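Report on the structure given below.
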There are 2 protein chains.
Amino acid sequence: MNHEFYMNLAIDEAWRYQLLTYPNPAVGCVILDKNGKILSIEAHKEAGKAHAELKAVSKALKVLNPNLDLPQNANDLHEFICQNHQGLLKGASAYVSLEPCNHQGKTPPCAKLFSTLGFSEVFIATKDEHKLASGGVEFLKDQGIKVHMGICEQRAKELLKPFLKWQKSSFKFFKLALSLNGSAYGKIVSSKASRTYAHALRSKLDLLVVGGETIRHDRPILDARLAQAKAPNLCILSHQNLESFDPNIPLFSVPEREIFTSIPSKAKFIMYEGGENFLKAFKDELDMLLIFSNSNLNTLENVKLDLKLKPLYKGFLENDTYGFYEIIKS
Amino acid sequence: MNHEFYMNLAIDEAWRYQLLTYPNPAVGCVILDKNGKILSIEAHKEAGKAHAELKAVSKALKVLNPNLDLPQNANDLHEFICQNHQGLLKGASAYVSLEPCNHQGKTPPCAKLFSTLGFSEVFIATKDEHKLASGGVEFLKDQGIKVHMGICEQRAKELLKPFLKWQKSSFKFFKLALSLNGSAYGKIVSSKASRTYAHALRSKLDLLVVGGETIRHDRPILDARLAQAKAPNLCILSHQNLESFDPNIPLFSVPEREIFTSIPSKAKFIMYEGGENFLKAFKDELDMLLIFSNSNLNTLENVKLDLKLKPLYKGFLENDTYGFYEIIKS
């Protein structure tokens, strides 16, 4: 198979954790042994946890030596691997969607990991423009590792878009859940897997933005219970004062929740949830749409607005399809 | 990676040619060299052309020896490979979605191909219940090849469903093209790639079934021009006589086209095309739905009917998502 095949595996794996890595970028990594056999396909899953490269290296070593008892903590894991790799990955190659970092952040530098383990080739989809973390390519080359740049670069840049937006200012996306025939109404539109992913996203947000109409009508709690994680702070956009809402609506009883009535400037990772009217009102502010479509047809009205979309990634969650879309300005 | 990973690659590749192989089953095959490196991912693409196994073996040999000048014709190809494989695939393994055939049909037996080339392991998702072609597993075992059965068997059985239906009686499916918000109307709903696939399907059909309403309204030609292939025979289901239609509607001028007003019993591979009303009228006769969804929202009415669907496979064609669905009877 060609290099694009392996890089696409890395990029697809990274998309599965897109946004969940906030404030870090989504990154994927595939490792092949010296004979070209795939050992691991991994991604960075959460800030503070192992980078994609460390995750993929760990998995690869575990495949080659199932008796290895690897530490959980990313720093300990990095250290342990550098001491106990037994030369198992000598001559291996890695496909990474983003230039491996070259600095000691919350975790040690990944470029050094590849050289310590004796990798012979590293394929990189796109450079890290982040000043602090960059320099991985130069380091790898200095260590005599063959580096190949720009494999699937377009897709890798799309993968990085949310990261670049929240680094620079803020990233705003709208979550919409539809039936296969485009209705946004009715009971529990999405699969359990889709709703769990949406709850995991909520737990990472700086802010969840909702409309007064939804709150009055659905009386939601808007927490992250399916992901067993922290409920997000809210911004309620309404023509009416917060005092006018029924205080027994469950979202008002979530502990330690801050509720705003306009978007505070410190919020950098923002999700909008709602239906047709809310989307119509805020479509011009959005960086992306996240749309879940289930596999059922029903007799309900569809969401109606003219919006040409460019899919950046589509995936499956149980019987649902979901996609990240950019709006094509006409 | 585990065996399921490779078998899923084989099965996904086969789904890309689902129905196009009529009257043969859709089959996929992945070949790894003796060290576990992927050499090829291939599928059977059209009746009379190379089986998935022969296709994958050819590709694998070409990867290992790019100078090989392989014949086009499946029989010549099989013969050439048996003479000129140079032991390049000794110790290789194959993942096949269906038991390799053991008989001389239009093409020579695939089980023998694996043994001639010195494969050491063959992974098979599901057995071939077709009396004439079966026996591949026993043959492989007799030749000392390790055979592993039942990897991803459920998915492999789903892949075979159309084949088993048209073998037994007939296979009927409905093609529906929607916008992301479920409207079936408006100009050219689907991507070029989706429409080309739909035209390729049309060229393989025994019969394309359409309603009188569509014909009067759209005045279509219903040919297979995007696939540069043969236009299908038609069945026009209408309350009115054929004579009452405007003879200048283009579909009536397609050369060598037979037009029926009821489904002839010899038709075994049948596609219905239409919108909401046509689907409502015939949903109880269908084995599957093939639904294309594009990536745009619009302001048109959606298709409205209650239908719970189970996706068997979903894939992408340019910016569209498409899926094969079974109807869940409630």
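Given the structure is predicted, the values throughout are model-derived calculations rather than measurements. Below, read A as the first sequence line, B as the second, and so on, with proteins coming before strands; counting in each chain starts at 1.
Both the backbone and the side chain of B:E301 have a heavy atom closer than 4.5 Å to some heavy atom of chain A. Heavy-atom distances place no part of B:I328 under 4.5 Å from chain A, backbone and side chain included. Contact of B:L305 with chain A is made through backbone and side chain together, with heavy-atom distances under 4.5 Å. Contact annotation for B:L279: only side-chain heavy atoms (C-beta onward) come within less than 4.5 Å of a heavy atom of chain A. Looking at B:D320, only its backbone comes within 4.5 Å of chain A, counting heavy atoms on both sides. Proximity to chain B (any heavy atom under 4.5 Å) is restricted, for A:L9, to the side chain, taken from C-beta onward. At a 4.5 Å heavy-atom cutoff, B:L312 makes no contact with chain A through either its backbone or its side chain.
If you take OG on A:S179 and NZ on B:K304, they are separated by 10.0 Å, rounding to the nearest 0.5 Å. Expressed to the nearest 0.5 Å, how far CG of B:N319 lies from NZ of A:K314 amounts to 6.5 Å. The line from CG of B:N296 to NZ of A:K310 is 13.5 Å long, rounded to the nearest 0.5 Å. We find the NZ-OG distance between B:K308 and A:S295 to be 11.0 Å, quoted to the nearest 0.5 Å. Rounded to the nearest 0.5 Å, atoms CG (B:L176) and CG (A:L180) are 8.0 Å apart.
The residue among A:I41, A:V63, A:L39 with the most heavy atom pairs within less than 4.5 Å of chain B is A:I41. Top candidate by heavy-atom pairs under 4.5 Å with chain A, chosen from B:V303, B:N35, B:D33, is B:N35. Between chain A and the residues B:N294, B:I38, B:L32, B:I291, the most heavy-atom pairs under 4.5 angstrom are made by B:I38.
Heavy-atom neighbours of A:K280 NZ from other residues, nucleotides or ligands within 6.0 Å: above the threshold of 12. Within 6.0 Å of the CG atom in B:D69, the count of heavy atoms belonging to other residues, nucleotides or ligands does not exceed 12. Other residues, nucleotides and ligands place no more than 12 heavy atoms under 6.0 Å from the CD atom of A:E213. Crowding of B:K34 atom NZ: a count of heavy atoms from other residues, nucleotides or ligands under 6.0 Å not exceeding 12.
The closest donor-acceptor contact from the side chain of B:N302 to the backbone of A:L300 lies under 3.5 Å.
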